[in-house]
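The structure under discussion appears below in the form of structure tokens.
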Protein chains: 2
Amino acid sequence: MRISEASAMSGLSVDTIRYYEKSGLVPAIERGSDGLRRFSPENIEWLVLLYWLRKTGMPMKEMRRFAALYREGEDSIAERKAVLLKHEERLRRRRADLDRCSEVLAYKIATYRKIEGEPS
Amino acid sequence: MRISEASAMSGLSVDTIRYYEKSGLVPAIERGSDGLRRFSPENIEWLVLLYWLRKTGMPMKEMRRFAALYREGEDSIAERKAVLLKHEERLRRRRADLDRCSEVLAYKIATYRKIEGEPS
DNA sequence: TTACCCGTCTGGAGCGACTCCAGGTCAAGC
DNA sequence: GCTTGACCTGGAGTCGCTCCAGACGGGTAA
């Protein structure tokens with residue numbers, strides 16, 4: 001599978017995939033005899049995971065660490081699990097932020113409605 | 001109130017507040033005779049709102065537009081409300097992303113637990 | 001009174017995470 | 001054989017901060 005399809009499947013842009021490879025987040029993709037990248041199903045699965053981690057706020061630095069563990073193989077399973085558990089904690093905090101922001105918005109919007117209801 | 005206190009109250013860093021002023025997100029803060037910024041309670045309320053909008057993913061460009069409307073006064077209430085309603089929609093999408101990511105993590109973590117349960 | 005902090009100021013450099021672009025290669029279709 | 005389109009690389013540009021150097025001014029302490 002080539003890079004445009006990998007992009008469509010993972011949600012990452014073509015540029016981002018190349019950038020992630022350069023940055024060591026993706027374990028060097030194989031090349032065909034034409035010099036083009038060929039993505040395996042495991043590559044895709046990995047990209048999808050990166051997509052979600054990144055989209056929900058995991059910093060690149062932590063993703064690089066996670067990628068390094070992945071390259072180490074099964075010995076690093078416990079540490080990888082720890083990274084994901086930590087990210088779950090981050091998701092909880094983000095949900096709390098969204099909820100708090102919703103409250104702030106609800107208050108502001110209510111204020112606006114009041115002003116509209118009683119125009120000066 | 002001076003900038004460090006404004007920072008403590010709003011959650012924005014001192015640098016970020018100055019940056020927001022430079023970028024036109026904050027309606028030029030008054031200065032004391034010493035040349036230092038003096039923040040009014042309304043300034044603080046505004047910064048708090050910016051803090052939450054930014055923290056939950058509103059782009060600067062949209063915040064600049066929102067700030068411009070704010071400077072126009074009461075005539076822009078309807079448009080400002082529209083901006084906030086649009087942001088509520090963004091919050092919903094972000095919650096959906098967090099939920100989807102939680103699913104992906106749960107699946108991955110379960111896989112890891114299985115591998116740990118049956119070490120090679 | 002002089003010395004030294006402290007918090008503030010400005011302008012500008014640096015950074016993380018992309019995003020876009022110029023210029024080049026190659027395979028396939030007309 | 002020529003164009004088109006997907007891909008390649010290296011590097012510049014962008015957004016949203018963050019940090020830093022160098023200067024100023026007020027308050028305390030020796």
Side-chain angles (χ1 to χ4, degrees), chain A residues 1-26 28-40 43-44 46-68 83 87 90 94 97 101, chain B residues 1-26 28-40 43-44 46-68 83 87 90 94 97 101:
Chain A
M1 183 181 320
R2 306 208 301 200
I3 199 166
S4 58
E5 202 178 346
S7 164
M9 309 240 63
S10 66
L12 296 169
S13 79
V14 166
D15 274 323
T16 300
I17 293 173
R18 286 197 278 251
Y19 169 66
Y20 279 5
E21 192 189 9
K22 245 189 273 179
S23 326
L25 265 74
V26 178
I29 305 300
E30 276 185 48
R31 305 289 181 123
S33 56
D34 49 8
L36 306 187
R37 291 175 183 82
R38 290 300 138 97
F39 294 78
S40 69
N43 288 155
I44 300 298
W46 180 248
L47 290 178
V48 168
L49 182 52
L50 292 186
Y51 170 80
W52 284 109
L53 293 178
R54 193 64 206 90
K55 186 159 198 183
T56 53
M58 182 180 287
M60 292 272 297
K61 194 174 169 186
E62 201 169 326
M63 290 181 31
R64 263 194 295 278
R65 169 165 160 64
F66 188 56
V83 171
H87 192 61
R90 187 158 20 218
R94 292 215 153 202
D97 285 343
C101 186
Chain B
M1 183 179 323
R2 305 209 302 201
I3 200 166
S4 59
E5 203 178 345
S7 164
M9 309 239 63
S10 66
L12 297 168
S13 78
V14 166
D15 275 324
T16 300
I17 293 173
R18 286 198 278 250
Y19 169 66
Y20 279 6
E21 193 189 6
K22 244 188 273 180
S23 324
L25 266 74
V26 179
I29 304 300
E30 276 185 48
R31 304 292 181 121
S33 56
D34 49 7
L36 304 188
R37 291 174 183 83
R38 290 301 138 95
F39 294 79
S40 69
N43 288 155
I44 300 299
W46 181 248
L47 290 178
V48 168
L49 182 53
L50 293 186
Y51 170 80
W52 285 108
L53 293 179
R54 193 67 204 86
K55 186 161 199 182
T56 53
M58 182 180 286
M60 292 271 295
K61 193 175 169 185
E62 202 169 325
M63 289 182 27
R64 262 194 296 277
R65 169 164 159 65
F66 188 57
V83 171
H87 191 60
R90 185 155 25 215
R94 294 215 150 200
D97 286 343
C101 184

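Order of the sequence lines sets the chain letters (A, B, ...), proteins ahead of strands, with each chain counted from 1. Because the structure is predicted, anything quoted here is derived from the model rather than measured.
- Checked against salt bridge (Lys or Arg N to Asp or Glu O under 4.0 Å), A:R37 has the following partners two or more places apart in sequence or in another chain: A:E21.
- Extent of DNA chain D lying under 4.0 Å from chain B heavy atoms, first and last nucleotide in 5' to 3' order, is D:dG16 to D:dC19.
- In this structure, CZ on B:F66 lies 10.5 Å from CG on B:L25, to the nearest 0.5 angstrom.
- Residue B:R38 is classed as having no contact, given no heavy-atom separation below 4.0 Å to the nucleic acid.
- Protein atom CZ of B:F39 is 9 Å distant from nucleotide atom P of C:dT8, rounded to whole Å.
- Legend: residues meeting salt bridge (Lys or Arg N to Asp or Glu O under 4.0 Å) with B:R2, ordered by chain and number and at least two apart, are absent.
- Residues of residues 1-12 of chain B that place a heavy atom closer than 4.0 Å to DNA chain C, in numerical order, are B:R2, B:I3, B:S4.
- When the side chain to side chain contact (heavy atoms under 4.5 Å, CB included) test is applied to B:S7, the partners found at least two apart in sequence or on another chain are B:V14, B:I17.
- Between A:S23 and the phosphate of C:dA17, there is no side-chain N or O to OP1/OP2 separation shorter than 4.0 Å.
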Compile the donor-acceptor pairs under 3.5 Å between side chains in residues 57-64 of chain A and protein atoms, sequence neighbours left out, one pair per line.
residue, atom, partner, partner atom, Å
A:E62, OE1, A:R90, NH2, 2.9
A:E62, OE2, A:R90, NH2, 3.0

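- Looking at every heavy atom in both residues, A:T56 comes nearest to B:D97 through CG2-O, 4.0 Å.
- Taking A:R18 as the reference, A:D15 meet the salt bridge (Lys or Arg N to Asp or Glu O under 4.0 Å) condition, with sequence neighbours excluded.
- Looking at A:N43, its side chain does come within 3.5 Å of a backbone N or O of A:S40 through a donor-acceptor pair.
- Looking at residues two or more places apart in sequence or on another chain, you find a side chain to side chain contact (heavy atoms under 4.5 Å, CB included) between A:Y51 and A:L12, A:K55.
- Looking at residues 48-59 of chain B, you'll see B:R54, B:P59 sit with a heavy atom under 4.0 Å from some atom of DNA chain D.
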List every contact pair, protein side and nucleotides 3-6 of chain C side both N or O, where the distance is under 3.5 Å.
none

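- Across every non-hydrogen atom of B:A67 and B:G24, the tightest pair is CB-O, 3.6 Å.
- With sequence neighbours excluded, the residues forming a side chain to side chain contact (heavy atoms under 4.5 Å, CB included) with A:I44 are A:M1, A:A6, A:M9, A:F39, A:V48, listed by chain and number.
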Take nucleotides 20-26 of chain C nucleotide by nucleotide from the 5' end and write B, S or -, depending on whether a protein heavy atom sits under 4.0 Å from the base, only from the sugar-phosphate, or from neither.
B------
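- Taking every heavy atom of both residues into account, A:L50 and A:Y20 meet most closely at CD1-CD2, 3.9 Å.
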